[in-house]
Amino acid sequence: MQEFTKQAIEIMKSIPQGKVMSYGQVARLAGSPKGARQVVRILHSMSEKEGIPWHRIVNVKGEIAMQDHEGRYTQRTLLEEEGLAVEPGGKVSLERYQHFPEYQSKR
DNA sequence: ACGATGACGGAGT
DNA sequence: AACTCCGCCATCG
């Protein structure tokens, strides 16, 4: 497994409940600015087994990225259970919920 | 080992 | 502002 992958997993597992991060953001922090798709692949293959809170990952617009299948509904439900307001289109407010690990030290 | 894949992102139309 | 096009790069078959 590549360093990037380990980093990405750590970062995603560090997202607090009720917060979200975008694929690209995770990729950047993991050391690969253009690696958003690798994040997708990580979630695709090992989200469950690694215990990654996959539902807290949304695209850069704050929308649920999953295609319109059961997973999408599941993600929406999980987010709402964590207290997020999910709009009808399956979108949340990044203004309110995006998690910024790089600012955490400053706070 | 090589080519296809993918829950993306951002530049261009 | 919405939509399409294409680059990206770790994994998987």
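Just so we're on the same page: letters track the sequence lines, and every chain starts at 1. Not measured: the values here are computed from a predicted model.
- Residues satisfying the side-chain contact (heavy atoms from CB on, under 4.5 Å) criterion with A:Lys34, sequence neighbours excluded, are absent altogether.
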Name the pairs: protein N/O against N/O of nucleotides 2-5 of chain C, kept only if under 3.5 Å.
none

Expected string for nucleotides 7-13 of chain C under the B/S/- scheme (protein heavy atoms, under 4.0 Å, primed atoms plus P, OP1, OP2 as sugar-phosphate) is BBBBBS-
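- Legend: residues meeting side chain to side chain donor-acceptor pair (under 3.5 Å) with A:Glu10, ordered by chain and number and at least two apart, are absent.
- A salt bridge links A:Glu82 with A:Arg56: at least one charged nitrogen is closer than 4.0 Å to a carboxylate oxygen.
- Partners of A:Glu70 under the side-chain contact (heavy atoms from CB on, under 4.5 Å) rule, at least two apart in sequence or in another chain, are A:Thr74.
- Residues meeting the side-chain contact (heavy atoms from CB on, under 4.5 Å) test with A:Gln7, sequence neighbours left out: A:Glu3, A:Ala30.
- Partners of A:Ala27 under the side-chain contact (heavy atoms from CB on, under 4.5 Å) rule, at least two apart in sequence or in another chain, are A:Phe4, A:Val39.
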Run the side-chain donor-acceptor check on residues 83-95 of chain A: report pairs under 3.5 Å with partners two or more places apart or on a different chain.
from: A:Ser93; atom 1: OG; to: A:Glu95; atom 2: N; distance (Å): 3.4
from: A:Ser93; atom 1: OG; to: A:Arg96; atom 2: N; distance (Å): 3.2

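- Residues satisfying the salt bridge (Lys or Arg N to Asp or Glu O under 4.0 Å) test with A:Arg76, not counting sequence neighbours, are A:Glu80.
- Shown for residues 71-82 of chain A: no residue has heavy atoms falling under 4.0 angstrom of DNA chain B.
- Contacts of A:Gln98 classified as side chain to side chain donor-acceptor pair (under 3.5 Å), with partners at least two apart in sequence or in another chain: A:Gln25.
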